[in-house]
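Here is the structure we will look at.
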Amino acid sequence: MIKDDLTNLIAQAIKKAQRKGDLPKFEVPEVILEHPKQAERGDYATPVCLQMARLARMAPMEIAKQVVKRLPRIEAIGQVEIAHPGYINITLSQQWLTQQVEDILATGETWGNINLGRGRKVQVEYGSANPTGPLHVGFGRNVVLGDGLANVLAAAGYEVQREYYVNDAGTQMDLFGETMYARYAQALGRDEPFPEGGYPGPYIEEWAREIAAEEGDKYLHMPREEALPILRDLGLAKVLACIREDVESLGIYYDNWFSERTLYEEGYFDRIMTLLRQGDYLFTREGAVWFAATRLGADKDEVLIRSNGEPGYFASDIAYHYHKFVVRGFDWVIDVWGADHQGHVPRMKAMMQALGLDPERLTLLIYQLVTLKRGGEVVRLSKRKGEIVTLREIIDEVGPDAVRFFLLSRSVDSQMDFDLDLAKEQSERNPVYYVQYAHARIASILRYAAEQGATAEGGDVSLLTHPSELALIRQMLLLPEVIEQAALNLAPHHLTYYAQDLAAAFHVFYRDCRVVSSDPADAEISRARLKLAQAAKTVLARTLHLMGMNAPESM
RNA sequence: GCGCCUGUAGCUCAAUGGACAGAGCGGCUGACUUCGAAUCAGUAGGCUGGGGGUUCGAGUCCCUCCAGGCGCGCCA
């Protein structure tokens, strides 16, 4: 990536100036390259000479002179300027810029990839809701964020695994089983009472009716204790199929669905308990077994085995993460959590230490919760009453691409409002369609060109000299940097802004530059512009795909 | 009370400690007789919640106050 090249060249120039005695010896700070807000100042700028002023005890302008003197003029560098109070501004050469179009065309859909991850194995776990019903709308942000991040990390050179954690053990699962049993019995006409605290909602009744239709009434003829786990698992299969369908309608496909129950069946729970006991991290209080998280800096201790003998969720979490790191060997694990789980982060970090693992290898990515609105009014949800809005409803109402774009478009730290009416109302003129329109428009131009017998074959990209052409190329070249920024900061929302900028750059190019012309005199520039349009289509499609959206040929 | 997050244009939100704080929507004014007007151009709109501090330089870091969200269970 050109940015890295320039960064290295500047750092080398500084060191060379030091060796030659033009600058005093001091430790060179990290060279930061940024994009100046004013285009006249060039493509890249660095304030590094300002930072070095104190170290060198020289005026920043003078330092900059010495650095620029030692900066090799590679082909990509067009102009280098020193600006008050000590910035170095670099403008890319036009020749090099236009050549990048060929580069993009040759590389294709993988263009923009970088090697930040160096093949390290990272797991992104997201969407892991309790499998007791369809995905709630609140989990929309979770899966969109997790999947978008996974895409970004894959593009940044990590080996990524996408995982869904199936919470198929524990008391809430038993309660779900009792609910299924009651609904199943009711579906077959028996007057079975609804369990205390059971799961309301029409979908469970529907699954129970399906099971009754598929399996008949045989489970009513066996003891309730025997029928419960069977119906629980039949129901679980229905829920998981439903959840899978929900996420797949957003274009999300998991690599692995990991069952919590297997942690117990395959002995990992026992193993971590042994480990924790050996580390002296366990103690008993009031009949329960606790994890001494406060000994490792957490604010509270946590129950592992409740006084009724049942392991709590945290025990599973420890075994689960032991499995992720020790058994499966992930270098890095990212769990995507809503802000309502934020308080557990210190105990997760304590757990890593207790397992002898570097806490840095576990990232808990916390996003703030979504407020659902309809026409400016907050939609109040009551899980207890079964008044939930499902993710499915939102997808059906707004469309999968718009759901992904909107939910991805805010930083994780931003509490966001999702106004359904607004999302639909804007459907003509919202950024989702703005970006997709640009792609469809290019596709249309390329189709038109083909009809007219115009071809990019043999096009000379060095003819691309119009400011709008160069601006479009510059915008395309930013994708690797956007991917890097999104990967480093775990902030895939940058993609949504970049996509709009890229689309805008194309629309401006379209306004200013005729691609397919009937004038024979334009044949040469037309071929070059077809190359540019093709390249822009590639980069736009890539960006849309990174966001999990479709790149339509027409709309 | 304690912890985490947030407060930026009328609304929804961007901005790796760097130069004059940006975008979309909404408002106003313009542009389709050759490639898609779901587009483009122009314009109005800000003491970045208040106050201190660190820094050559702060929307960004620290302290404090105010306001909002989420936690603080032998639920997950």
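Quantities reported herein were computed from a predicted structural model and do not represent experimental measurements. Residue numbers begin at 1 in each chain, while the letters A, B, ... track the order of the sequences.
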Identify the nucleotide, in any strand shown, that forms a Watson-Crick or G-U wobble pair with B:G57, with both distances under 3.5 Å; if there is none, say none. none

So, does the side chain of A:H341 form a donor-acceptor pair with the base of B:A76 at under 3.5 Å? yes

For A:A53, answer base if it contacts any base atom (sugar-phosphate contacts may also be present), sugar-phosphate if it contacts only those atoms, and nothing otherwise; contact means non-hydrogen atoms under 4.0 Å. nothing

When the distance from CE of A:M416 to P of B:C11 is rounded to whole Å, what number comes out? 18 Å

Could you check which of B:G36, B:G24, B:C70 has an atom nearest any side-chain atom of A:L369? B:C70

Side chain of A:Q38 only, please: which of B:A76, B:C20, B:C70 is the nearest? B:C20

Using a cut-off of less than 4.0 Å, is there contact between a side-chain N or O of A:R306 and OP1 or OP2 of B:C75? yes

Pick base, sugar-phosphate or nothing for A:A45, based on heavy-atom distances below 4.0 Å to the nucleic acid. base

Gap in Å between the two P atoms, one belonging to B:G18 and one to B:C11, rounded: 27 Å

Angle class for the A:H344/A:Y313 ring planes (parallel below 30°, perpendicular above 60°, tilted otherwise)? perpendicular

Measure up the A:H493 and A:Y497 rings against each other and bin them: parallel (under 30°), tilted (30 to 60°), perpendicular (over 60°). perpendicular

Can you tell me how far P of B:G36 sits from OH of A:Y433, to the nearest Å? 21 Å

Using a heavy-atom cut-off of under 4.0 Å over every strand shown, decide if A:L33 touches base, sugar-phosphate, or nothing. base

Closest to the side chain of A:Y434, out of B:C40, B:C35, B:A14, is B:C40

Please work out if A:Q172 contacts a base, only the sugar-phosphate, or nothing of the nucleic acid, heavy-atom cut-off 4.0 Å. sugar-phosphate

So CG of A:L175 and OG1 of A:T171: to nearest 0.5 Å the spacing works out to 8.0 Å

Strand partner of B:A23, provided both Watson-Crick or wobble distances fall under 3.5 Å: B:U12

Could you tell me which nucleotide pairs with B:G71 by Watson-Crick or G-U wobble geometry, both distances under 3.5 Å, or answer none if nothing does? B:C2

What contact category does A:V412 fall into here, base, sugar-phosphate, or nothing, at under 4.0 angstrom with non-hydrogen atoms? nothing

A:K300 NZ - B:G1 C1' separation (whole Å): 15 Å

Roughly how far apart, to the nearest Å, are B:U48 and B:A41 at atom P? 28 Å

Check this for me: does the side-chain of A:S307 come within 3.5 Å of the base of B:C74 through a donor and an acceptor? yes

Report the nucleotide, chosen from B:C74, B:A15, B:G36, that has the shortest atom-to-atom distance to any side-chain atom of A:Y510. B:G36

Checking contacts here: which listed nucleotide (B:A76, B:C74, B:C13) is nearest the side-chain heavy atoms of A:N130? B:A76

Row check, A:Y322 ring normal vs A:K324 NZ/CZ: under 6.0 Å, within 45°: no

Base, sugar-phosphate, or nothing for A:A440, non-hydrogen atoms under 4.0 angstrom? base

In whole angstrom, give me the gap between the C1' atoms of B:G45 and B:C25. 14 Å

Using the aromatic ring of A:Y87 (for Trp, its six-membered ring), decide whether it stacks on the base of B:G18 within the limits of 5.5 Å and 30°. no

Nucleotide B:C40, atom P - distance to CG of A:L472 in whole Å: 13 Å

If we take the P atom in both B:A14 and B:A23, what is their distance in whole Å? 16 Å

Report yes if a donor N or O on one partner sits less than 3.5 Å from an acceptor N or O on the other, where the partners are the side chain of A:H344 and the base of B:A76; otherwise report no. yes

Selected nucleotide, minimal atom distance to A:H493 side chain, candidates B:A14, B:U16, B:C35: B:A14

Send over the distance from A:R410 CZ to B:A15 C1', rounded to a whole Å. 14 Å

N-glycosidic conformation, B:C25 - syn within 90 degrees of 0, else anti: anti

Indicate, with a heavy-atom threshold strictly under 4.0 Å, whether A:Q51 touches base, sugar-phosphate, or nothing. base

B:G73 P sits how many Å from A:W290 CH2, rounded? 10 Å

For A:S411, answer base if it contacts any base atom (sugar-phosphate contacts may also be present), sugar-phosphate if it contacts only those atoms, and nothing otherwise; contact means non-hydrogen atoms under 4.0 Å. sugar-phosphate

Does the distance from a Lys or Arg side-chain N to an Asp or Glu carboxylate O, for A:R474 and A:D501, drop under 4.0 Å? no

Do A:K537 and A:E553 meet the salt-bridge criterion of a basic N to acidic O distance under 4.0 Å? yes

The nucleotide from B:A19, B:A14, B:G36 with an atom nearest the side chain of A:R447 is B:G36

Answer for the Watson-Crick or wobble partner of B:G30, both distances under 3.5 Å, is B:C40

Regarding A:Q415, tell me which of base, sugar-phosphate or nothing describes its non-hydrogen contacts under 4.0 Å with the strands shown. base

Residues A:D299, A:R347: salt bridge by 4.0 Å N-O rule: yes

In whole angstrom, give me the gap between the P atoms of B:U34 and B:A15. 41 Å

If you check the A:Y448 side chain, which of B:U34, B:G69, B:A76 turns out closest? B:U34

Out of B:A41, B:U16, B:C35, which nucleotide sits closest to the side chain of A:R511? B:A41

When we call it a touch if two heavy atoms are under 4.0 Å apart, what does A:C49 touch: a base, just sugar-phosphate, or nothing? nothing

Assert: residue with more 5' nearest nucleotide on RNA chain B, out of A:R514 and A:L50, is A:L50

Earlier contact from the 5' end, RNA chain B, for A:R41 and A:I32: A:I32

Rounded to whole angstrom units, what separation is found between the CG atom of A:L372 and the P atom of B:U12? 15 Å

Where the side chain of A:E286 is defined as all heavy atoms beyond and including C-beta, which of B:U12, B:C70, B:C74 is the nearest nucleotide? B:C74

If you count the non-hydrogen atoms of other residues, nucleotides and ligands that lie under 6.0 Å from CD in A:E457, is the total more than 12? no

Residue among A:V239, A:T132, A:T179 satisfying side chain to side chain contact (heavy atoms under 4.5 Å, CB included) with A:I204: A:T179

Is the closest side-chain donor-acceptor distance between A:N550 and A:Q436 under 3.5 Å? no

Donor-acceptor pair under 3.5 Å, A:D501 side chain vs B:A14 base: no

Under 4.0 Å: is that the gap between some side-chain N or O of A:S409 and OP1 or OP2 of B:U12? no

Integer angstrom distance from the C1' of B:U16 to that of B:G7: 22 Å

If I take atom CH2 in residue A:W337 and atom P in nucleotide B:G3, what distance separates them, rounded to the nearest angstrom? 20 Å

Separation between the C1' atoms of B:G59 and B:U8, rounded to whole Å: 7 Å

At 4.0 Å (heavy atoms only), tell me whether A:D301 reaches a base, stays on the sugar-phosphate, or touches nothing. nothing

Students often get this wrong, so: under 4.0 angstrom with heavy atoms, is A:E310 touching a base, only sugar-phosphate, or nothing? nothing

How far does the P atom of B:C32 sit from the matching atom of B:A38, given to the nearest Å? 15 Å

